[in-house]
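First the proteins, then the strands, lettered A, B, ... as listed; each starts at 1. Model, not experiment: these values are computed from the prediction. Heavy atoms only: backbone and side chains are in, while hydrogens, waters and symmetry mates are out.
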Amino acid sequence: MNLKEIKELMELMRQMGVSELEVERSGVRVRIRSGRAAGEEPVVSVLAERSALDVTAAKPAAEPAAAPAEPERGVLVQSPIVGTFYRSASPDGPNYVEVGDVVKKGQILCIVEAMKLMNEIESESDGKILEVLVENARPVEYGQPLFRIDPAPA
Amino acid sequence: MNLKEIKELMELMRQMGVSELEVERSGVRVRIRSGRAAGEEPVVSVLAERSALDVTAAKPAAEPAAAPAEPERGVLVQSPIVGTFYRSASPDGPNYVEVGDVVKKGQILCIVEAMKLMNEIESESDGKILEVLVENARPVEYGQPLFRIDPAPA
Amino acid sequence: MAMFNKILVANRGEIALRVIRACKELGIRTVAIYSEIDARALHVRVADERVCVGPADNALSYRNIPNILSAAEITGADAIHPGYGFLAENPHFAEVCESVGLRFIGPRAEHIAMMGDKAKAREVMRKKSIPVVAGSEGVVSSEQEAVRIAATLGYPVMIKAAAGGGGRGLRVVNREDELTKSFQSAQAEAKAAFGDDSVYVEKYYIEPRHIEIQVMGDDKGRVVTFGERDCSIQRRHQKLLEESPSPVIEEPVRRELSRVATEAARAVGYVNAGTVEFLLDKQSNFYFLEMNTRIQVEHPVTEVVTGIDLVKEQILIASGRPLSYRQHDIRLRGCAIECRINAECPETFTPSPGTVTDYVAPGGPGIRVDSALYPGCVVPPHYDSLVSKIIAFGDTREEAIARMQRALEECWIEGIKTNIPLHRRILKDPAFLKGRYSTNFLEKFIAGE
Amino acid sequence: MAMFNKILVANRGEIALRVIRACKELGIRTVAIYSEIDARALHVRVADERVCVGPADNALSYRNIPNILSAAEITGADAIHPGYGFLAENPHFAEVCESVGLRFIGPRAEHIAMMGDKAKAREVMRKKSIPVVAGSEGVVSSEQEAVRIAATLGYPVMIKAAAGGGGRGLRVVNREDELTKSFQSAQAEAKAAFGDDSVYVEKYYIEPRHIEIQVMGDDKGRVVTFGERDCSIQRRHQKLLEESPSPVIEEPVRRELSRVATEAARAVGYVNAGTVEFLLDKQSNFYFLEMNTRIQVEHPVTEVVTGIDLVKEQILIASGRPLSYRQHDIRLRGCAIECRINAECPETFTPSPGTVTDYVAPGGPGIRVDSALYPGCVVPPHYDSLVSKIIAFGDTREEAIARMQRALEECWIEGIKTNIPLHRRILKDPAFLKGRYSTNFLEKFIAGE
């Protein structure tokens with residue numbers, strides 16, 4: 001739950017004439033109640049989202065896998081291991097896949113290098129590459145989304 | 001439960017004229033209440049209501065003055081000082097007032113003894129005694145309600 | 001006198017909580033008093049009993065003597081602990097408590113009165129041959145008189161506006177031949193600024209440190225000191241950060257300060273906790289400033305390095321017990337620093353009252369937290385802005401500083417502004433890290449010099 | 001080896017936070033690892049960097065060696081602190097870390113392996129003439145053999161089911177003429193309960209105490225001990241409350257324990273932190289039980305009474321520095337008690353995971369809190385139920401106990417059940433208050449005896 005989402009919720013509440021909204025998701029609970037006076041700012045209390053601690057912490061090596069952005073469509077291919085993401089078999093070689101490519105189940109999408117071992121990540125289904133979510137040669141953590149794939153391409 | 005779904009829920013509520021909705025699904029809980037229902041009670045945040053600490057503490061000498069019971073009608077006569085409440089001038093004497101008595105502004109209602117001094121508490125208006133809120137010879141704190149008075153008796 | 005059964009704590013905030021904790025550890029029941037706005041305050045919640053004594057205005061509640069004494073009466077308390085501030089240094093209150101049979105946990109009324117009169121206190125000390133901050137005794141009306149006094153004090157001296165403040169009407173004079181000119185301009189500036197040209201002359205101490213000695217006396221005439229605190233980090237005479245031991249005091253000076261403070265307390269037959277404050281100059285000469293007749297805000301740094309609970313000792317002494325310690329039992333171990341966390345803007349120092357929506361205290365090794373905060377608590381605008389004290393201790397000063405930095409980073413207070421960012425900056429300052437700072441430090445630091 | 005730039009903390013909960021705090025105080029950057037369910041855990045939030053290493057199941061996350069090493073690799077960490085539990089006593093992990101150029105902050109793999117084999121460890125100690133808990137070396141197949149072994153051990157002895165647990169198949173034998181009957185019934189009960197009638201014979205120590213000595217060795221061959229901890233308050237071999245010093249150990253015994261523990265560590269060339277555990281009988285004889293090759297849960301009580309930060313010392317030693325202290329620098333001051341706060345029902349001991357809706361830590365003088373709790377945090381059902389440690393210290397044992405009672409009263413955790421009520425009861429028990437307790441104490445206490 002980030003600021004943008006809360007803002008959108010407020011917008012929605014205003015449009016719909018909703019006076020109170022409470023959302024709880026994996027430890028985050030947001031309650032919004034619109035003021036009775038017209039034009040009054042709604043009260044937002046973020047009870048568990050501890051932005052303060054996030055401020056004191058440095059930027060993570062990668063976005064925490066537990067809170068990926070909700071995909072608009074398609075399914076995510078997530079990293080099954082921790083390591084370094086490579087789009088090609090060698091620095092000079094061609095990328096395994098590009099956006100728009102149609103892939104087959106079992107086709108190699110990328111490599112995640114861990115402990116000097118090249119782990120080939122295969123597609124779990126037929127589909128079409130909608131998005132590549134990690135830049136080449138960047139570290140990835142467990143569960144981090146790597147690709148967005150449309151499993152039923154038009 | 002994502003934004004889109006919440007939006008849909010709100011849409012539905014508006015269409016159906018539903019004023020309150022609570023949904024819980026696999027760790028996600030959403031409560032929506034529309035502002036149009038009449039006679040609605042505001043939801044009070046209990047963030048600060050620390051019943052736990054109250055549990056560890058012993059019973060107070062008197063109910064905290066800050067949270068007196070809301071009177072149904074009439075006005076409260078509160079103790080202006082800390083001390084001991086007496087309904088009569090002497091142990092054998094008659095009570096200054098009884099429930100149902102009609103009193104005049106300036107009439108003595110009781111005594112609050114503090115530092116061996118007898119402080120006479122007078123009525124601030126004409127009225128009728130609806131209730132005596134403290135027992136004789138009990139300690140009272142600042143602001144503690146002593147009497148409930150109907151300032152405009154029928 | 002037997003040990004107390006029930007103590008009324010005539011204060012609020014962290015110090016009320018501190019006293020209640022000491023009582024709990026001694027098995028003594030507690031009565032909290034509170035103003036209407038403090039009905040949900042932590043000290044009210046953790047006490048065994050509680051009595052509302054008035055509205056938010058402290059003159060009508062926390063300093064309302066009749067209501068506080070009545071609260072003690074109706075709850076059957078047999079002693080009152082005043083904390084610091086409010087009625088703590090009111091000799092009349094101490095006297096009235098004793099006259100109605102309530103033990104006042106603090107020094108005798110006569111000592112509170114004596115030390116409350118700063119001129120009187122200095123006179124008492126001077127008679128005991130204790131070095132006192134030097135200056136004219138009152139207004140200096142002529143240049144001739146100023147020259148004579150300055151010669152006695154030794155240069156440099158300060159010419160200060162009697163009505164003054166904020167540095168206006170203040171002149172530092174290094175040599176006699178500068179005096180006439182400075183005297184006249186100080187008078188003129190004082191006249192312009194305050195409509196009063198009265199000035200006085202004081203010895204000017206160059207970059208002095210504020211050093212204080214914790215003392216404790218019992219009614220058997222024994223006095224023990226508990227090492228020093230360095231409270232030189234101040235803004236407008238408000239201490240902000242204190243440490244014990246002082247990074248600049250060597251063992252011989254410590255012993256001498258301890259001896260003098262003991263003498264000062266013993267001279268008047270002082271009982272219970274007190275603090276003897278000194279100015280320390282660059283040559284490690286020290287001068288009596290004043291004596292505070294209460295437990296101080298910064299007492300925890302002393303507790304941490306000595307391992308002794310001063311508030312419990314206050315209570316024990318007030319009950320008639322002799323001091324639990326002799327001077328040779330008092331041994332300092334490691335270093336402790338206290339940061340006062342104030343609800344205020346760290347840049348402008350304007351108060352920041354409000355509701356604390358979120359609060360997580362720092363923890364782990366070497367961290368003590370004395371705080372009345374909890375998630376959802378209210379910091380009212382009516383009282384002192386001090387909301388929390390973080391005390392860090394370590395084997396060395398470096399370790400204590402590293403722990404404090406770490407604790408300030410962990411500490412999370414939402415809903416009000418605090419001076420934590422200022423503390424974090426001070427703790428990174430090279431001069432502070434070397435222990436090289438005087439009472440001038442903070443004003444210059446804030447000004448960015 | 002130069003000081004580390006970045007340490008990966010291969011753990012979660014309060015111990016991960018403890019290590020991160022030590023790193024921050026040393027100016028070393030930190031990498032937290034976490035499982036998916038711990039994404040919002042406090043250790044993840046306070047670390048400089050964080051890497052998800054797997055799902056909630058700890059075999060796939062906190063014990064997933066390839067992912068943890070990869071996390072160290074992608075973040076550029078140069079050392080790994082394992083905390084306690086998970087991989088802390090896995091010699092393979094220690095070995096692999098070193099083989100890929102990561103310093104393992106702990107003892108050498110060979111010592112982890114040696115001490116992990118309890119029979120081997122006892123054999124090593126026996127060879128060094130260190131008294132070891134006595135017993136048969138393996139299964140005893142006949143009554144004749146049992147009689148012979150019992151005669152060597154001296155009565156009373158215990159006959160224990162090899163497959164046993166929970167007291168079933170266990171017989172205490174006071175005299176030789178009881179042995180045959182007890183041996184047969186123990187075998188029968190073992191057979192009925194576990195389907196296996198293997199039994200073995202051990203010396204029975206009457207109401208022993210669990211005493212352990214904290215040791216630390218550096219790679220220059222120096223060893224220092226840090227006093228003892230009394231961990232006799234246990235339930236099913238899970239320690240619940242620990243204190244230092246032990247209320248029953250006199251100075252000569254302390255010195256002797258320290259000497260023996262030093263010898264044990266020196267015998268094997270032990271490096272980094274370790275704990276030598278002993279059984280202490282009523283005559284103050286002690287017997288080597290085992291050696292733990294990690295930082296212990298209860299290390300804070302030692303830190304508090306010695307004033308030394310053991311985790312920072314672990315890091316310094318791992319970086320190649322010599323011990324910062326010599327034996328004569330180690331002086332105990334006051335008394336410390338630790339209560340382990342578990343997320344569990346205080347009566348049935350069933351775990352109580354959930355969301356902590358409200359949390360206020362205790363504070364004030366003499367209280368240290370090592371906790372990963374914050375308001376809104378989740379206690380997952382997948383891991384150990386330890387959620388917080390409260391450490392109380394005081395000038396005397398009585399003061400430490402009073403402070404712990406007061407702190408447990410203050411501590412407020414809502415949303416999950418904890419064993420705080422059990423601790424509060426233990427701290428009021430007359431036998432506990434007198435320091436008269438053994439490893440049998442808690443089972444009897446819970447049973448209401």
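Within the 4.5 angstrom heavy-atom criterion, only side-chain atoms of D/V100, from C-beta onward, approach chain A.
Within 6.0 Å of CD on A/E98 lie more than 12 heavy atoms contributed by other residues, nucleotides or ligands. Within 6.0 Å of CD on A/E124 lie no more than 12 heavy atoms contributed by other residues, nucleotides or ligands.
Closest of all the heavy-atom pairs between D/E73 and A/M115 is OE1-N, 3.5 Å.
Counting heavy atoms from C-beta on, the side chains of D/P55 and A/Y142 come closer than 4.5 Å.
A side chain to side chain contact (heavy atoms under 4.5 Å, CB included) with A/V82 holds for exactly one of D/V53, D/T75, D/I68, D/L69; it is D/V53.
The distance from atom OG of D/S70 to atom CD of A/E141, rounded to the nearest 0.5 Å, is 12.5 Å.
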